[in-house]
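Shown next, in C-alpha cells, is the structure this report addresses.
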Amino acid sequence: MPRGHKTIPHAHEKCIQGHNVSTSHKTLQAAAVVEEKSPCCSSSVLKGNPQVPSATETSSTSQNLWRASSTTITSSSVFHTRSDIDDESQVEEHARSSNAISSANSWSEILTMKVEVVEQYLLRKYKMQQPILKEEMLKIVGKNNRDELDDILQKASDRIEAVFAVNLKEVDSSNDTYELVSKLNLPNNGRVNTGRELPKTGLLMNILGLIFMKGNHASEEKMWEFLNMLEVYAGKEHHIYGEPRKLIHTDLVQLQYLEYRQVPDSDPACYEFLWGPRAHAETSKMQVLEFLAKVNDTVPSAFSPWYEEALQDQERARAIEAVRAGTGATARHGITALASPTPSDV
C-alpha cells in the first residue's frame, strides 16, 4: 500500500536519522492544519530550544526505535477549514481538485491524488464534528469511479490512522455514514480539548511506544529529545498539539494516560514517564506495536524483542481473565446451590 515516506524497520538497525523523521512529520502538519497556525533534565531540551540533538545524541536516543508517524499526508493535500465556507462548497471544492487531475497522469498517480483529496475531506469532517457521507465522497472522486471508492477510502483512512491513531468506522449502514474514532478514549474523541481540533491520540501512542521500548519507563530528557526530532518542543506552541508541555505534563498526566514521577534516589532530582492506569486499561503493548507497525508498513513481529514481551503480556492478561471467569462461575454456582431447595425444605 503506497505511503508518503515508507520505512520498514530492521531488527539490527542502529539509528533513525532525526532530520528525516522531522521533515516527514512537518509535512504531515502542514498538510493537516495549514490555516492553524547533562543532568538528566537537560535545560536545552526542556525549555523548548528548537535545536535538533547532535548526531551522537540522536544515535543514542533513537537506537532501535521506529520512524514515529512517518506516514505523511503530503503537501498537495493542503486542508482548508475556513468556517465561512459551507459544507456543499467544501465538497465542490474537493471535487474540483479531484477532477482537475490531468489525464496525462498515470492511473497510479491519479489514484494517489484522489486518496489525498479524500484525506482532506475526512479530516475536515473530523474537525467540524460532522458525519462522513459516502454520497459526498462519490462527488469528490467522481461517480465514474464508484468501483474504486472503497479502495481509495481504505488507503486514505489507513494513512490517517497511521498518523493520528483514529479508525474509520461505519455509523449507519442504511445511508453509508462513517466517522473517525480515536483508538483511545481521550476526551472529545481524541481532541482532548473542545473545539475544532485534530486528534492528539497519535502523539500519545508514539509516547507510549517510546516508554515501552525504553524498558517501560522513559526519562524526561530522552522523551523530549525524541519529540524535538518531530519538531515538537516544550514551551513552544504547536499547531496540532497546542503547548506540548501542558498537553503531556498536565493533560495526559491528569487524565492518567501517563505517569510522571521522580526517578528513585536521583540526586539532583530527575524525572521519568511511565504508562498511566488508563493507558494500561485501554490499550496494550501489542496494540501499540500494531500501531507502530502500521506507521512503518510492517508487522509487529519486526519489533523484536518487544514483540516477545508483548506476547508475554497477552498471555498474562488471558490467564488473569481465565481466573476471573472461573471465580465468577464458581460464585454463580454457589449462589444457585444455596437457592435450590433441599429435601428438608420440601
Side-chain angles (χ1 to χ4, degrees), residues 9 11 64-66 68 154 157-158 161-162 164-171 173 178-190 192 199-218 223 251-261 264 272-343 345:
N64 290 323
L65 288 184
W66 64 99
Q154 184 65 57
S157 61
D158 280 349
E161 180 185 353
F164 293 108
V166 291
N167 296 319
L168 183 70
K169 294 189 175 181
E170 188 174 60
V171 177
S173 59
Y178 306 84
E179 67 175 343
L180 291 171
V181 179
S182 171
K183 285 181 178 290
L184 298 175
N185 295 326
L186 286 165
N188 298 310
N189 191 21
V192 177
K200 314 299 187 293
T201 319
L203 180 68
L204 175 56
M205 291 290 280
N206 277 297
I207 292 173
L208 294 176
L210 177 69
I211 292 169
F212 173 27
M213 292 185 171
K214 284 292 185 181
N216 298 308
H217 53 93
M223 190 197 71
D251 297 337
L252 296 180
V253 170
Q254 288 182 355
L255 289 167
Q256 298 187 325
Y257 284 99
L258 297 175
E259 180 184 347
Y260 179 65
R261 72 179 188 186
E272 62 184 2
F273 286 91
L274 297 83
W275 284 30
R278 285 190 68 177
H280 284 289
E282 294 179 18
T283 190
S284 66
K285 292 175 181 176
M286 186 61 76
Q287 288 172 329
V288 168
L289 285 187
E290 287 169 353
F291 169 73
L292 299 179
K294 197 172 193 73
V295 168
N296 289 278
D297 198 14
T298 185
V299 293
S301 57
F303 294 95
S304 180
W306 301 288
Y307 180 70
E308 286 74 19
E309 183 178 341
L311 281 176
Q312 290 171 6
D313 267 30
Q314 273 191 337
E315 290 302 316
R316 279 193 292 268
R318 287 177 185 144
I320 292 170
E321 187 60 33
V323 169
R324 287 175 179 168
T327 303
T330 302
R332 287 192 298 273
H333 178 74
I335 292 170
T336 302
L338 287 172
S340 300
T342 61
D345 294 327

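Note that the structure is predicted; figures quoted are calculated from it, not measured.
One finds the NZ atom of Lys200 at 12.0 Å from the CG atom of Leu255 (value rounded to the nearest 0.5 Å). Here Lys294 contributes atom NZ and Glu161 contributes atom CD; the two are 4.5 Å apart, rounded to the nearest 0.5 Å. Atom CG of Leu210 and atom NE2 of His217 lie 11.5 Å apart (nearest 0.5 Å). The structure places CD1 of Ile211 at 9.5 Å from CD of Glu272, a figure rounded to the nearest 0.5 Å. Put simply, CH2 on Trp306 and OG on Ser301 are 13.5 Å apart, with the number rounded to the nearest 0.5 Å. Atom CG of Leu186 is separated from atom CZ of Arg278 by 7.0 Å, given to the nearest 0.5 angstrom.
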For Tyr257 and Asp251: C-alpha separation, side-chain torsions, deciding distance, then whether side-chain contact (heavy atoms from CB on, under 4.5 Å) applies. CA-CA 9 Å; Tyr257 284 99; Asp251 297 337; over 6 Å; no
Under the side-chain contact (heavy atoms from CB on, under 4.5 Å) rule, what do Val295 and Met205 come out as? Steps first, then yes or no, please. CA-CA 11 Å; Val295 168; Met205 291 290 280; over 6 Å; no
Kindly determine whether Glu315 and Arg318 satisfy salt bridge (Lys or Arg N to Asp or Glu O under 4.0 Å), including the steps that lead there. CA-CA 5 Å; Glu315 290 302 316; Arg318 287 177 185 144; 2.9 Å; yes
Test side-chain contact (heavy atoms from CB on, under 4.5 Å) on Leu289 and Phe212; report intermediate values, then the result. CA-CA 9 Å; Leu289 285 187; Phe212 173 27; 3.8 Å; yes
Run Asp158 and Leu168 through side-chain contact (heavy atoms from CB on, under 4.5 Å) and show every step you take. CA-CA 9 Å; Asp158 280 349; Leu168 183 70; over 6 Å; no
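In this structure a side-chain-to-backbone donor-acceptor pair under 3.5 Å is present from Asn189 to Ser182. Side-chain N or O atoms of Trp275 include none that pairs as donor or acceptor with a backbone N or O of Asn216 at under 3.5 Å.
Closest non-hydrogen pair, Pro300 versus Glu290, comes out as CG-CG, 3.7 Å. In this structure, Gly190 and Thr201 approach most closely via the heavy-atom pair CA-OG1, 3.6 Å. The minimum heavy-atom distance linking Val253 with Tyr260 is given by the pair CG2-CB, 4.0 Å. Among all heavy-atom pairs drawn from Ala279 and Leu208, the shortest one is CB-CD2, 4.0 Å. Of all non-hydrogen atoms in Val299 and Ala293, the two that sit nearest each other are C-CB, 3.6 Å.
When side chains are defined from C-beta on, Asn206 counts as touching Leu292, because their heavy atoms get closer than 4.5 Å. Within the 4.5 Å cutoff, no side-chain heavy atoms of Leu203 are placed close to those of Leu252. Taking the side chain as every heavy atom from C-beta outward, Ile207 and Phe273 never approach each other to under 4.5 Å.
Salt bridge annotation for Glu179-Lys169: absent, with no cationic side-chain nitrogen under 4.0 angstrom from a carboxylate oxygen.
Only one option out of His280, Glu309, Gln314 pairs with Lys285 in a side chain to side chain donor-acceptor pair (under 3.5 Å); it is Glu309.
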